[in-house]
Amino acid sequence: FSDQTYPDKASSSVELPFLEMDARKLSKRTAIARYVCDRFEYSAIDPLEVYLVESVCDLKADLELLLEHFPKDQLTPQILAKLKMIENRLTQNKQGTEWFVGNCLTRADFEVFELLYNHFVSDSETLEQFPKLLGFVHRFIESSPTLDKYLKSLS
């Protein structure tokens, strides 16, 4: 994302968030994610795999909506049920020992990782209730030494 100072949302026509890439200013989070995954070949090609990626991303979006309506420290039964649904989806591919779809990372993995990291990694008790998701988070970080180094620099 750009390091520029963001204009006041209320008075600006700039769409946030945005990413400057390939000499273009890209906006809208989901569209950015699709573009970046396509650009760096993290996209499914097979129609069934495309469907599976989109369905995982839809589950993640459903969970995000729930999280927006409750305080961060309040885990409702609905939130826990949605986490269980996401974990169940992970276990449908190789018993949850790799990625959400197929044999390599896809947008589904990036989007679920972002949500889990931003909302639950600091609350290890929650993720411990979902061992496959916790393993997924560790696997995702370990898959990229650069990401691992960056995340460690934040602490």
Where the side chain of D148 meets the backbone of E142, is there a donor-acceptor pair that is under 3.5 Å apart?
no
E87 (side chain) donor-acceptor with K132 (main chain) under 3.5 angstrom
yes
Passes salt bridge (charged side-chain N to carboxylate O under 4.0 Å, His left out), K60 versus E64? Steps please.
CA-CA 6 Å; K60 175 251 179 191; E64 249 178 349; 3.3 Å; yes
Minimum heavy-atom distance S143-L105, with the two atoms named:
OG-CD1, 4.1 Å
Looking at residues at least two apart in the chain, or sitting in another chain, which of them share a side chain to side chain contact (heavy atoms under 4.5 Å, CB included) with E128?
S124, L134
Using the rule that Ile, Leu, Val, Met, Phe, Trp and Tyr join whenever any side-chain heavy atoms are under 4.5 Å apart, tell me whether L115 and I32 fall into a single cluster.
yes
Rounded to the nearest 0.5 Å, how far apart are CG of L67 and CD1 of I79?
4.5 Å
Between D22 (side chain only) and R24 (backbone N and O only), is there a donor and an acceptor less than 3.5 Å apart?
no
Please check if any side-chain donor atom of S43 sits under 3.5 Å from a side-chain acceptor atom of R107, or the reverse.
no
Residue set satisfying side chain to side chain contact (heavy atoms under 4.5 Å, CB included) with D58, at least two apart, ordered chain then number -> none
Considering residues, nucleotides and ligands other than M85, do more than 12 of their heavy atoms fall under 6.0 Å from its CE?
no
What residues, two or more places apart in sequence or in another chain, satisfy ring-ring contact (aromatic ring centres under 6.0 Å, His included) together with F110?
Y42, F140
Please tell me whether L48 and V101 are part of a single hydrophobic cluster in this structure, the criterion being side-chain heavy atoms less than 4.5 Å apart.
yes
For residues 89-109, which residue pairs qualify under ring pair (Phe, Tyr, Trp, His ring centres under 6.0 Å), counting only residues two or more places apart or in two chains?
F100-F136
Closest approach of K82 to L66 (non-hydrogen atoms, all atoms of both residues)
CB-CD1, 4.2 Å
Could you tell me which residues satisfy side chain to side chain contact (heavy atoms under 4.5 Å, CB included) with Q74, sequence neighbours excluded, listed by chain and number?
F70, P71, T76
Decide side-chain contact (heavy atoms from CB on, under 4.5 Å) for Y117 and L151; before the verdict, give the C-alpha distance in whole Å, the side-chain angles of both, and the deciding distance to 0.1 Å.
CA-CA 10 Å; Y117 190 84; L151 293 175; 3.5 Å; yes
In terms of hydrophobic clustering (I, L, V, M, F, W, Y; side-chain heavy atoms under 4.5 Å; direct or indirect links), are I86 and V121 co-clustered?
yes
Side-chain donor or acceptor of N118 paired with backbone N/O of E114 under 3.5 Å:
yes
Report yes or no: do L116 and I141 belong to one cluster of Ile/Leu/Val/Met/Phe/Trp/Tyr joined by side chain heavy-atom distances under 4.5 Å?
yes
For the pair T91 (side chain) and N88 (backbone), establish whether a donor and an acceptor sit closer than 3.5 Å, ignoring hydrogens and angles.
yes
Is there a side-chain contact between D46 and Y51, using heavy atoms and a 4.5 Å cut-off?
no
Donor-acceptor pair, distance only, cut-off 3.5 Å: does the side chain of D109 make one with the backbone of T106?
yes
Look up atom OG1 in T126 and atom CG in L133, then write down how far apart they are to the nearest 0.5 Å.
11.5 Å
Taking atom CG of L52 and atom CD of Q92, what is their separation to the nearest 0.5 Å?
8.0 Å
With sequence neighbours excluded, tell me which residues meet side chain to side chain contact (heavy atoms under 4.5 Å, CB included) with Q129.
L80
So which atom in T97 and which in K94 form the shortest heavy-atom distance, rounded to 0.1 Å?
OG1-O, 2.7 Å
Which atoms form the tightest heavy-atom contact between V53 and A44, and what is the distance?
CG2-CB, 4.1 Å
What verdict does the side-chain contact (heavy atoms from CB on, under 4.5 Å) test give for F113 and L147, after you've listed the backbone C-alpha separation in whole Å, the side-chain angles of each residue and the deciding distance to 0.1 Å?
CA-CA 12 Å; F113 172 79; L147 175 64; 4.2 Å; yes
To the nearest 0.5 Å, atom SG of C57 lies from atom CG of D62 at 11.0 Å
Once you round to the nearest 0.5 Å, how far does CD of E49 lie from SG of C104?
7.5 Å
Looking at E125, I'd like to know if its CD atom is crowded, meaning that more than 12 non-hydrogen atoms belonging to other residues, nucleotides or ligands lie closer than 6.0 Å.
no
Under the salt bridge (charged side-chain N to carboxylate O under 4.0 Å, His left out) criterion, do E111 and R34 qualify, and how do the steps go?
CA-CA 10 Å; E111 289 203 18; R34 283 189 184 111; over 6 Å; no
